Amino acid sequence: MLIYYSDIGDLNSMCGIVGYTGFRPVVDILLDGLEQLEYRGYDSSGIAVKRESDIKVYKAIGKLVNLREEMKKHSGEFEKSTTGIGHIRWATHGAPTVLNAHPHTCNHGNLVLVHNGIIENYKELKAMLEKEGCIFKSQTDTEVVAHFIAKKYDEVKDLTKAVRLATKEIEGAYALCVMHNDYKNTIVATKRNAPLLVGFGEGEFLIASDVPAIIKYTKKAMYLSDNQIVTVTPDSIKLIDKDGVELPQKVELLPWEPVALSKMGYKHFMLKEIHEQPDVIRNNLVGKLHTASEPIVLNEVKLTKDHLKKLNRIQIIACGTSLHAAMVGKYLIETFCGIPVDVEASSEYIYRRTTTDSHTLVIGVSQSGETADTLTAIKQAKSKGSHILIITNRPDSSMAREADSLISVNAGIEVSVAATKSYIAQLMAFYLLSLYMAEIKESLDVSVIQSIKNELMLIPQKIEQILASTDEIQKCARKYSGTKDFIYIARGINLPTALEGALKLKEISYINATGYAAGELKHGPIAMLDDTLPVLSILMKGTVYEKLLSNSEEAKARNARMIALTNSLDPKLDDLFECIIRVPDVQEFLSPIIAVIPLQLIAYYIAEFLGKDVDQPRNLAKSVTVE
Ligand code: F6R
């Protein structure tokens with residue numbers, strides 16, 4: 001999860017929002033909803049409830065349990081309240097303090113709101129509001145919006161209109177839920193470049209930044225589009241556009257079941273999710289790969305066969321772990337289909353002139369489907385006429401809604417912030433896609449295709465074998481857990497595996513881990529090597545095995561502490577490596593799926609051994625909705 005910092009005050013970006021108006025006691029619903037979003041990693045929270053004659057705000061720093069405690073202290077105050085809004089905050093600029101936590105209010109406390117996103121022109125608005133006498137209590141950009149909407153409200157005396165007029169002048173990204181004391185049980189909500197949906201119940205409406213917060217209460221929902229404004233009371237809903245024109249409501253049935261976020265006996269969600277990977281692969285093969293001799297079925301790809309054959313370029317854009325899956329995808333597509341593929345971090349893609357056009361297929365890869373950089377990149381490519389294929393674990397996400405073709409990877413909800421099973425699922429999408437295209441283009445020998453397909457079907461069992469005996473991995477993790485730095489080296493199709501292994505380790509253990517193309521070691525990084533530095537070599541049999549072995553010798557000659565992750569039984573490895581993790585044999589093309597599993601486990605066991613917060617590592621959030 002890469003976090004991008006900017007100089008714009010409080011970003012309040014990856015926050016979670018819940019709103020409710022109906023007939024039930026609102027506080028429990030808001031706390032429940034926030035809890036469903038909390039696994040993504042947050043640092044403070046707050047709730048505002050509408051009471052008979054005022055709006056009351058409660059806040060706490062730290063985990064949600066602190067807000068629960070705070071609410072208990074005031075339990076007599078909101079028994080009759082059935083309308084309210086709640087928020088969990090992920091602070092960037094502006095410390096996680098009670099003052100910075102949402103909801104924020106205007107000066108007289110009549111207007112209250114929660115916000116997810118970034119207000120880019122907040123400094124200008126703040127200067128203008130201060131001149132008019134507004135007093136700011138927090139360092140957030142959000143508070144500016146509260147004052148600004150309140151100012152509009154004072155002018156027009158209509159909450160929906162005030163929100164509409166204010167958001168016309170607000171620049172940036174936002175999802176907002178607003179209440180005003182003049183309205184008994186009304187919430188006005190709007191969004192731009194941040195997700196927000198409205199759940200429809202009987203005599204009640206819920207508003208949230210993500211499905212888990214509302215799914216317990218309703219499966220009927222409407223996703224807001226940018227600049228739409230919705231006004232809900234327990235028995236009415238009105239949707240308008242930015243000019244105030246009423247719009248029809250597109251209610252859909254969410255393809256979700258309420259899930260209990262249970263660790264199923266595992267110590268952490270991450271370990272549980274690592275163990276789910278064999279089934280994730282099986283799920284992804286069902287209906288797509290029947291037998292080795294039958295063609296791959298990938299009805300999700302909406303490009304015509306003719307268009308596919310004529311494709312002369314593919315761009316894949318993604319961030320973090322998804323970027324590593326994309327790198328494996330590049331290797332597969334170029335090797336199997338002979339189509340040039342560029343892979344680029346979305347955050348780089350969006351700030352230069354890209355040469356995308358209608359002859360280019362652009363693939364966006366994202367576990368969450370909400371990553372701001374990737375979403376922006378996708379929209380940019382779409383505007384240039386490219387066919388957009390999205391690979392995501394969230395078929396209901398903002399990115400999915402931009403897709404011309406959508407491959408939903410069916411990994412199930414991933415709770416741990418560090419991506420594991422969603423990565424494996426993304427890899428499966430690339431195996432299926434590259435084989436599917438190779439079959440249409442007839443660009444790969446049929447016998448090679450068949451051997452890959454045959455082995456793909458065996459991969460889940462091989463992973464199960466690794467998961468069944470992790471002693472060596474645990475021993476290795478314990479041995480190196482005291483290190484400050486860690487190097488991973490690989491070549492070819494496993495270079496992304498090295499990068500991913502290093503990313504997993506640094507994310508959850510905070511050890512400075514770096515992945516290198518082994519051939520690059522001698523061009524600089526080798527200078528760092530000494531007898532304190534572990535170097536893990538991903539030594540899978542195939543085209544670059546011998547080369548990587550030589551690179552490992554070079555590192556060993558500098559006294560590095562050598563570790564091998566290998567499917568080779570070659571006895572000479574025993575002299576070279578002080579620790580050897582053996583994995584089941586697998587052909588080179590499929591080795592990234594097998595090789596990443598022990599790396600996920602090494603990261604997990606090191607972090608667990610060091611007593612880190614494995615599922616919610618510091619500074620990270622599960623869905624990065626800020627550029
Ligand atoms: C790492 C991790 C992140 C994400 C990245 C992109 O474990 O989860 O690096 O891969 O933030 O997120 P998505 O895939 O949701 O676009």
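We count residues from 1, following the sequence as given. As the structure lists them, so they are numbered: ligands from 1, and atoms in each ligand from 1. Note that the structure is a prediction, hence the values are computed from the model and not measured.
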Is there a donor-acceptor pair closer than 3.5 Å between any side-chain N or O of [X] and the backbone N or O of [Y]?
{"X": "Ser397", "Y": "Arg394", "answer": "yes"}
{"X": "Asn284", "Y": "Val280", "answer": "yes"}
{"X": "Ser405", "Y": "Lys302", "answer": "yes"}

Could you say whether the N/O atoms of Ala419 and ligand 1 ever approach to under 3.5 Å? yes
Would you check whether Gln426 has a nitrogen or oxygen atom less than 3.5 angstrom from a nitrogen or oxygen atom of ligand 1? no
List ligand 1 atoms under 4.0 Å from [X], heavy atoms only on the residue side.
{"X": "Glu507", "result": "1 (C), 2 (C), 7 (O)"}
{"X": "Lys504", "result": "1 (C), 7 (O)"}
{"X": "Gly320", "result": "9 (O), 10 (O)"}
{"X": "Ala418", "result": "7 (O)"}
{"X": "Ser366", "result": "13 (P), 14 (O), 15 (O), 16 (O)"}

For ligand 1, is Val417 a contact, meaning one of its heavy atoms is under 4.0 Å away? yes
Could [X] and [Y] be called an ion pair, given the rule that one side-chain N must be under 4.0 Å from one carboxylate O?
{"X": "Asp613", "Y": "Lys63", "value": "yes"}
{"X": "Asp226", "Y": "Lys191", "value": "yes"}
{"X": "Arg352", "Y": "Glu348", "value": "no"}

Residue that, paired with Lys421, satisfies side chain to side chain donor-acceptor pair (under 3.5 Å) out of Glu276, Glu273, Gln277, Gln426: Glu276
Residue part near ligand 1, for Glu370, under 4.0 Å between non-hydrogen atoms: neither
If you take the nearest heavy atom of each of Ala326, Ser322, Ser368, which one is closest to atom 14 (O) of ligand 1? Ser322
